[in-house]
2 protein chains.
Amino acid sequence: MKSSSGIPKATVERLPRYLRCLEALSPLRATISSTDLAKLSNMNAAKVRKDLSHLGTYGVRGVGYDAELLRFQIKRELGLTREWDVIIIGVGNLGSALANYGGFVNRGFSIVGLYDADMTKVGMRMDGRIIRHISALESDAGRDGISIGVITTPAEVAQDVATLLVDCGVRSILNFAPAELDVPDTVHVRQVDLATELQILSFYMSGGTPEAIDA
Amino acid sequence: MKSSSGIPKATVERLPRYLRCLEALSPLRATISSTDLAKLSNMNAAKVRKDLSHLGTYGVRGVGYDAELLRFQIKRELGLTREWDVIIIGVGNLGSALANYGGFVNRGFSIVGLYDADMTKVGMRMDGRIIRHISALESDAGRDGISIGVITTPAEVAQDVATLLVDCGVRSILNFAPAELDVPDTVHVRQVDLATELQILSFYMSGGTPEAIDA
DNA sequence: TAGATTGTTAATCGATTAACAATC
DNA sequence: TAGATTGTTAATCGATTAACAATC
């Protein structure tokens, strides 16, 4: 008995990157080698082959991978052969930007609901959808079966929103609020923190530890 | 001779998280143990101690860490005792959201410029700053000394923008465009791809490989 | 056949974790 | 002193990479 998926975490997190490179490829290109895909994705050819080997053996020795087939296999592995319903909670600057962002729809995600606690926003139309009050979430969720909740609220209320989502049966959360979320471990959380990214860059710009000066 | 910083990559990427937890702490709280910090940051106490040991020995056996001192040491290590100047290229939905996002300023980052290629946007005022044309970037950069460039353009032009930034002397890039950037390895790139995050969640929702069904 | 490239093995490297002596 | 908690060691685990036999 092995774990529900034999694919290592690190590989899963790289598959979308390969997919993105394959989709950007000229449609005329029939095959691609691990070396070429490595170059496109800023990766190492051995790593590419090892990652792809987890999908099955879709490469042809001496030739490479069928680009179209590989694209499909990655999508299948990532569960992107179906469409997932996404809701956004918190229609501030970032939430609005995501609601209007075209990059989701053509990548397998459909934004089916926008929620906010601010009554002055409720009822407003945004990219064809009406903003609903957060209190409507529970009944909506029961009817619609939401796959992913995106949290773009202020940090102070992020935990409450996460708890509400979990109570509504949502098992995947993408959290943009700079707050740690405490959820059952049946729930998957991906955290994106914009300030964190800048802080990591800051570390490398400042050149590491002061001790390194006496090198 | 060791590398310019002895701190492992994985630790650097966790320091902002500890920092965020410490800043959310009650100001009355004088000390914090590795166990408590681990709970707050959804981490393991041994990992916390190991990470913090890279900063020096600021803990006290039997007592814990001085919360305020620890906060300062992490900020110092991350290079956050100074302020970094940030520019945003591409004032679309996401770029505008970031320009108006308060979370940067009080975390050590100052947005000093907004650029776009669209002449209808150039000259517009946004959160007190005037959007300038991308062609002005080169001379502005020479005068101002920009630390970090944030790319929020369409994917198609992201590489050109990155190249321009590098030519302007920018050595740290935060890229939101779903495109792989090819830059010299003196330049640090952090990539944030919103669709990628959803795709990773999709993988775990769909339960891994089909082969797993016959378990 | 000769050249190219995969799939996989085995070595290496780095990160995580448990355990515990040191010490407040 | 007794209890608590760090800092660090050593074991473990997982990820990366080079190398090459298999094979198109």
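A note on names: the letters A, B, ... follow the listed sequences, proteins ahead of strands, and every chain is numbered from 1.
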*Nearest-nucleotide wise, let me know which of A/Lys9 and B/Thr35 is further upstream toward the 5' end of DNA chain D.*
B/Thr35
*Proximity to DNA chain D (any heavy atom under 4.0 Å), residues of residues 15-34 of chain A only*: none
Name the atoms and distances for all side-chain donor-acceptor pairs under 3.5 Å in residues 26-33 of chain B, with sequence neighbours left out.
unit_1	atom_1	unit_2	atom_2	d
B/Ser26	OG	B/Leu28	N	3.0
B/Arg29	NE	B/Thr31	O	3.0
B/Arg29	NH2	B/Asp36	OD2	2.7
B/Ser33	OG	B/Asp36	N	3.2

Pairs under 3.5 Å (N/O, protein and nucleotides 17-21 of chain C):
unit_1	atom_1	unit_2	atom_2	d
C/dA19	N6	B/Arg49	NH2	3.3

*asked:* Show me the pairs that pass salt bridge (charged side-chain N to carboxylate O under 4.0 Å, His left out) and involve residues 49-66 of chain B, at least two apart or across chains.
replied: B/Arg14-B/Asp51
*Pairing residues for B/Arg17 by the salt bridge (charged side-chain N to carboxylate O under 4.0 Å, His left out) criterion, not counting sequence neighbours*: A/Glu180
*Rounded to the Å, how far apart are A/Leu55 CG and C/dT8 P?*
12 Å
*For residues 38-47 of chain B, which residue pairs qualify under salt bridge (charged side-chain N to carboxylate O under 4.0 Å, His left out), counting only residues two or more places apart or in two chains?*
none
*For B/Ala117, enumerate each residue passing the side chain to side chain contact (heavy atoms under 4.5 Å, CB included) test, keeping only those at least two apart in sequence or located in another chain.*
B/Ile134
_For DNA chain D, report each stem as range with range, ordered by first number, or say none. Use Watson-Crick or G-U wobble pairs under 3.5 Å, at least 3 in a row._
C:3-24 with D:3-24
Quick one: side chains of residues 190-198 of chain A, donor-acceptor pairs under 3.5 Å with protein atoms, not counting sequence neighbours, listed by atom name and distance.
unit_1	atom_1	unit_2	atom_2	d
A/Arg190	NE	B/Glu197	OE1	2.6
A/Arg190	NH1	A/Glu13	OE2	3.0
A/Arg190	NH2	B/Glu197	OE1	3.1
A/Gln191	OE1	A/Asn175	ND2	3.1
A/Gln191	NE2	A/Ala177	O	3.0
A/Asp193	OD1	A/Ala195	N	3.0
A/Asp193	OD1	A/Thr196	N	3.3
A/Asp193	OD2	A/Thr196	OG1	3.2
A/Asp193	OD2	B/Arg20	NE	3.1
A/Asp193	OD2	B/Arg20	NH2	3.1
A/Glu197	OE1	B/Arg190	NE	2.6
A/Glu197	OE1	B/Arg190	NH2	3.1

Which donor-acceptor pairs under 3.5 Å do the side chains of residues 88-105 of chain A make with protein atoms, sequence neighbours left out?
unit_1	atom_1	unit_2	atom_2	d
A/Ser96	OG	A/Gly92	O	2.5
A/Asn100	ND2	A/Ser96	O	2.8

N/O donor to acceptor pairs below 3.5 angstrom from side-chain atoms of residues 78-87 of chain B, sequence neighbours left out:
unit_1	atom_1	unit_2	atom_2	d
B/Trp84	NE1	A/Ser202	OG	2.8
B/Trp84	NE1	B/Gly79	O	3.0

Donor-acceptor pairs under 3.5 Å, side chain of residues 158-166 of chain A to any protein atom, not counting sequence neighbours: which ones?
unit_1	atom_1	unit_2	atom_2	d
A/Gln159	OE1	A/Asp182	N	2.8
A/Gln159	NE2	A/Thr163	OG1	3.2
A/Gln159	NE2	A/Asp182	O	3.1
A/Thr163	OG1	A/Gln159	O	2.9

